[in-house]
Amino acid sequence: MFHKPVLLVIAHGSRDPRHAATVHALVRRVRSTRPDLRVETGFLDFNIPSVQGVLKSLAAEGVRDVVALPLLLTRAFHAKADIPAVLRDAPPQLRIRQADVLGPSWLLLAALERRLYEAGLTPADKSSTGVVLASAGSTDPEAIAVIAEIAREWRHTGWCAVRPAFASASLPRTEDAVRELRELGCSRVAVAPYVLAPGFLPDRIARGAAGADVLAGVLGPAPEVARVLLKRYDAARAPVPEAVGV
C-alpha cells in the first residue's frame, strides 16, 4: 500500500507565545486543505515539540518517508545550515527530503495584498499607495537580494511604489522606507510585513510603521500561505526524473 510521506513543518520557534499559536493555526489550515495528508510540526528552538523529538517519534511509529519543510520565506542561514544539520541527525531509518523555502511565490504576494485589504486598503488605492515590504532581515546576501527583487516585481502590479525594509541585520529600516515613500509623493503609505508570525522582529516592524497610514497583519494562516506549503511539499515528494541518454 502506498503511503504519502509525512509533512514535517519546521518552524523557528519563539519565546513569544503568539508565534507558536500562529504556526499551529497555519498547520491546521494545511490539514483542512488536504485532510488525507499527515502534517506534523517541529520547532528549532524555544517551543515544543522539537524537530528532533518529532523525527524520533515518527521513526518509532514505523514511518519511513518524511518531507521536511522549512517554514521560512527566504533561503538564509536556517535553511542552509541549521535545518540540514538537524535532519542529518535524524534516525537513520527515515528517508527525509528537505523541501524548498516558501518564497518567492506569487501566492505570497497575493497573501500580502489580502492582508493590506483587510487593513483597510482597496484595489482602487493601489496606484496612489506606496508600500513598504518589511521583512525580518538577514546577513545573507542571497536573502536580501530576493527581498529586493520581490519588491521590484510587486511594484509592477500597480502600486505607486514598493520599497524593501528590514527589521534587523540590513538597511533600510521600516521607518526610513516610510519616509522615503512620503518624500516620493505617494498619497498614502502602507506597511506590509513579509513575516509569517508575530514576535520580536514583527513588533519592531510595527513600531517602524508608526508614520504609515496602514499597517497590515502578518501573513499567518492565510490560505495562500497554506497553498504554498502544499506546493513545496508536492515538489519535494515528486520523483526525480531519470536522465535520458546517459
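When the side chains of ILVMFWY residues are joined at heavy-atom separations under 4.5 Å, either directly or via intervening members, Leu109 and Leu229 end up in a single hydrophobic cluster. When hydrophobic clusters are built by joining Ile, Leu, Val, Met, Phe, Trp and Tyr residues whose side-chain heavy atoms come closer than 4.5 Å, directly or via intermediates, Val30 is not grouped with Leu58. Val228 and Ile150 end up in the same hydrophobic cluster when Ile, Leu, Val, Met, Phe, Trp and Tyr side chains are linked at under 4.5 Å. Taken together through direct or relayed side-chain contacts under 4.5 Å among Ile, Leu, Val, Met, Phe, Trp and Tyr, Ile205 and Leu108 form parts of separate hydrophobic clusters. Residues Val132 and Val162 do not share a hydrophobic cluster, clusters being chains of Ile/Leu/Val/Met/Phe/Trp/Tyr side chains in contact below 4.5 Å.
Note: Ile48 CD1 to Thr41 OG1 = 12.5 Å, rounded to the nearest 0.5 Å. Once rounded to the nearest 0.5 Å, the distance linking CG of Leu230 with OG1 of Thr33 reads 6.0 Å. Here CG of Leu87 is found 9.5 Å from CD of Gln52. Values are rounded to the nearest 0.5 Å. From Cys160, atom SG reaches atom CG of Asp125 across 12.0 Å, with rounding to the nearest 0.5 Å. Taken to the nearest 0.5 Å, the CG atom of Leu73 stands 11.5 Å off from the OG atom of Ser138.
In this structure, Asp203 and Arg18 have side chains that are in contact, with non-hydrogen atoms separated by less than 4.5 Å. Residues Tyr233 and Arg34 meet the side-chain proximity criterion, which asks for heavy atoms closer than 4.5 Å. Using a 4.5 Å cut-off on side-chain heavy atoms (C-beta onward), Arg204 and Ser168 make contact. Counting heavy atoms from C-beta on, the side chains of Pro123 and Tyr117 come closer than 4.5 Å. Between Glu40 and Ser57 there is no side-chain heavy-atom pair separated by less than 4.5 Å. The shortest distance between side-chain heavy atoms of Trp159 and Leu116 falls below 4.5 Å. Using a 4.5 Å cut-off on side-chain heavy atoms (C-beta onward), Leu26 and Val9 make no contact.
For Arg15, the CZ atom sits in a loose shell: 12 or fewer heavy atoms of surrounding residues, nucleotides or ligands are nearer than 6.0 Å. Within 6.0 Å of the NZ atom in Lys231, the count of heavy atoms belonging to other residues, nucleotides or ligands does not exceed 12.
Of all non-hydrogen atoms in Ala212 and Val178, the two that sit nearest each other are N-CG1, 4.0 Å. Of all the heavy atoms in Val67 and Ala236, the pair that sits closest is CG1-CB, 3.7 Å. Here the closest heavy-atom approach between residue Asp100 and residue Pro70 is recorded as O-CD, 4.1 Å. Here the shortest heavy-atom pairing between Leu8 and Gly42 reads CD1-N, 3.7 Å. Ala197 and His19 make their closest contact through CB-ND1, 3.7 Å (heavy atoms, listed as atom of the first residue, atom of the second, distance). A pairwise comparison of heavy atoms in Ser170 and Ile144 identifies OG-CD1, 3.1 Å as the closest pair.
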Query raised in the report: Phe43 and His24: ring pair (Phe, Tyr, Trp, His ring centres under 6.0 Å), yes or no, with the steps?
Result: CA-CA 11 Å; Phe43 295 90; His24 291 311; 5.7 Å; yes

Requested in this report: Carefully, step by step, assess Leu44 and Ile83 under the rule side chain to side chain contact (heavy atoms under 4.5 Å, CB included).
Outcome: CA-CA 8 Å; Leu44 291 173; Ile83 292 174; 4.0 Å; yes

Query - Step-by-step side chain to side chain contact (heavy atoms under 4.5 Å, CB included) determination, Asp82 to Phe77 - result: CA-CA 7 Å; Asp82 281 356; Phe77 182 78; 2.9 Å; yes

Report task. Could you give me the CA-CA distance, side-chain angles and deciding distance for Arg182 and Asp213, then say whether side chain to side chain contact (heavy atoms under 4.5 Å, CB included) is met? Result -> CA-CA 11 Å; Arg182 292 281 187 213; Asp213 301 294; 3.0 Å; yes

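Between Glu224 and Arg227 no salt bridge is recorded (no basic side-chain N to carboxylate O distance below 4.0 Å). Asp234 and Lys4 are not joined by a salt bridge, as no carboxylate oxygen comes within less than 4.0 angstrom of a charged side-chain nitrogen.
Using a distance-only test at 3.5 Å, with no hydrogens or angles considered, no donor-acceptor pair links the side chain of Ser135 to the main chain of Phe166. Arg163 contributes no side-chain N or O that, together with a main-chain N or O of Pro172, makes up a donor-acceptor pair within less than 3.5 Å. With hydrogens and angles disregarded, a donor-acceptor distance shorter than 3.5 Å links the side chain of Arg232 to the backbone of Leu102. With hydrogens and angles ignored, the 3.5 Å screen pairs no side-chain donor or acceptor of Arg114 with any backbone N or O of Leu219. With hydrogens and angles disregarded, no donor-acceptor distance shorter than 3.5 Å links the side chain of Arg31 to the backbone of Leu37. Arg115 contributes no side-chain N or O that, together with a main-chain N or O of Ala216, makes up a donor-acceptor pair within less than 3.5 Å. Within the 3.5 Å criterion, the main-chain N or O of Ala79 finds a donor-acceptor partner in the side chain of Gln98. No side-chain donor-acceptor contact under 3.5 Å links Arg95 to the backbone of Pro92.
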Considering only distance and modelled atom types, tabulate donor-acceptor pairs under 3.5 Å from the side chains of residues 185-195, sequence neighbours left out.
unit_1	atom_1	unit_2	atom_2	d
Arg188	NH1	Ser128	OG	2.7
Arg188	NH1	Thr129	OG1	3.2

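Looking only at atom types and distance, the side chain of Glu113 has a donor-acceptor partner in the side chain of Trp154 under 3.5 Å away.
Partner of Asp140 under the side chain to side chain donor-acceptor pair (under 3.5 Å) criterion, out of Lys80, His78, Arg75: Lys80 alone. Partner of Leu55 under the side chain to side chain contact (heavy atoms under 4.5 Å, CB included) criterion, out of Val6, Ile96, Val63: Ile96 alone.
Residues passing the side chain to side chain donor-acceptor pair (under 3.5 Å) test with Asp45: none are found, sequence neighbours excluded.
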